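Report on one structure; see the data block that follows.
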There are 2 protein chains.
Amino acid sequence: MEALTIHEAAETTGWTPRMLRYIERIGLIEPARTESGYRQYGAGELQRLCTLRELLAEHEIGLGDVAFALRLRRDEALSGAVDSWLEAEPQRPETVSADEWLRWEQEKHARIIAALTTNETMETAA
Amino acid sequence: MEALTIHEAAETTGWTPRMLRYIERIGLIEPARTESGYRQYGAGELQRLCTLRELLAEHEIGLGDVAFALRLRRDEALSGAVDSWLEAEPQRPETVSADEWLRWEQEKHARIIAALTTNETMETAA
DNA sequence: CCAACCTTGACACAGCTTTGATAAGGTTGA
DNA sequence: TCAACCTTATCAAAGCTGTGTCAAGGTTGG
């Protein structure tokens, strides 16, 4: 089996031609082209278009989400940055003990100043 | 240093209180609460709020994208499905050779029927 | 007890995403 | 040559995101 045109591929997969162009524009499925520029959808593309619909439906995600996942996989710097941000997550301080809280509550202003200073450190350090 | 209120944390990190609530709602940073329900932002949260701004700015992504990355990391089934969909990507058939194309071009209708049959197989197989 | 916080919830609005429709023009096969 | 495709580009509508603001009400410290 060989390549189908965009309308044939649309009928086959349940997308509209419009959406196939959109899916291409966001980088998810980029079919080959004939010399004159017509899109050619092969068996692989048809497969992926079908499973793409299932993926979106079954997990309640959008095309943009899949596009972002693709970007994550292609941009090593991005995925590293996101991962390391997510990594730091469980670092949550326990609920404050009552007296410790009181001690600090006494000078709210000093706390904010301290926080601001810490923040500058954070910004330059990061 | 101990916990800050939402307004203090906002001033410290450059977000607005509104946005801190939004960031919490989409699951990115969920501060502890006092017994009466006030949010308490600790050093860890302040850090993460600052680096979150950098992350968004430096990589041109949105809060929703980070939220999706978090979802990917928490939902193993989801990340597996997305990954395996993306994995199949490079499978693109080469541009069709001229005579092979001609042979197929001769009965367009048969091609579509064949594709539809293949599609049914695909759907049940996936 | 009051000012100054905090909470949730709702309305609103600009801007982006997703999708359709339509126009102007090129390709192709009978 | 002509019908039936294809292409890109544009306008448009519906919905979601990110953000502000306001209201009604609880908490807290002086």
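Every value quoted in this text rests on a predicted model; they were computed, and no experiment measured them.
For the atom pair CZ of A/F68 and CD1 of B/I61, the computed distance is 4.5 Å after rounding to the nearest 0.5 Å. Separating the OG1 atom in B/T34 from the CZ atom in B/R39 is a distance of 10.5 Å, to the nearest 0.5 Å. Atoms CG and CG, on A/L72 and B/L72 in that order, are 7.0 Å from each other to the nearest 0.5 Å. Atom-to-atom distance recorded for B/T13:OG1 and B/Y41:OH is 8.5 Å, nearest 0.5 angstrom.
Close to C/dC5, at under 4.0 Å from its OP1 or OP2, lies no side-chain N or O of B/H7. Look at A/S36 and you'll find a side-chain N or O under 4.0 angstrom from OP1 or OP2 of C/dT28. The side chain of A/R39 contributes no N or O atom lying less than 4.0 Å from OP1 or OP2 of C/dT27. The phosphate of C/dC6 (OP1 or OP2) has a side-chain N or O of B/T5 nearer than 4.0 angstrom.
In this structure, CD of B/Q40 is placed 15 Å from P of D/dT27, rounded to the nearest angstrom. As rounded to whole Å, 14 Å separates atom P of C/dT7 from atom CD of B/E30. D/dC5 atom P lies 9 Å from atom CD of A/E8, rounded to whole Å. When rounded to the nearest whole Å, the span between CD of A/E35 and P of D/dT7 equals 15 Å. For the pair A/F68 CZ and D/dT17 P, the interatomic distance rounds to 15 Å; values are reported in whole Å. Rounded to whole Å, the distance from CD1 on B/I23 to P on D/dG18 is 10 Å. Distance, B/L28 CG to D/dT17 P: 13 Å, rounded to whole Å. In this structure, A/L20 places its CG atom 14 Å from C1' of D/dT7, rounding to the nearest Å.
Residue B/R21 is in base contact, counting any heavy-atom pair closer than 4.0 Å across all strands shown.
At a cut-off of 3.5 angstrom, the base of C/dG26 holds at least one donor-acceptor pair with the side chain of A/Y38.
Among D/dT7, C/dA21, C/dT7, the nucleotide with an atom closest to any side-chain atom of A/R18 is C/dA21. Here D/dT7 is the nucleotide among C/dT19, C/dT8, D/dT7 with the atom lying nearest to any side-chain atom of A/R33. The nucleotide whose nearest atom lies closest to any side-chain atom of B/T16 is, among D/dG20, D/dT19, C/dC5, D/dG20. The nucleotide whose nearest atom lies closest to any side-chain atom of B/L63 is, among C/dC6, D/dT27, D/dT19, D/dT19. With C/dG20, C/dT17, C/dT7 as the candidates, the nucleotide lying closest to the side chain of A/Y22 is C/dT17.
Residue B/E24 is the one, among A/D65 and B/E24, whose nearest nucleotide of DNA chain C lies closer to the 5' end (criterion: closest heavy atom).
Between B/D65 and A/R71 no salt bridge is recorded (no basic side-chain N to carboxylate O distance below 4.0 Å).
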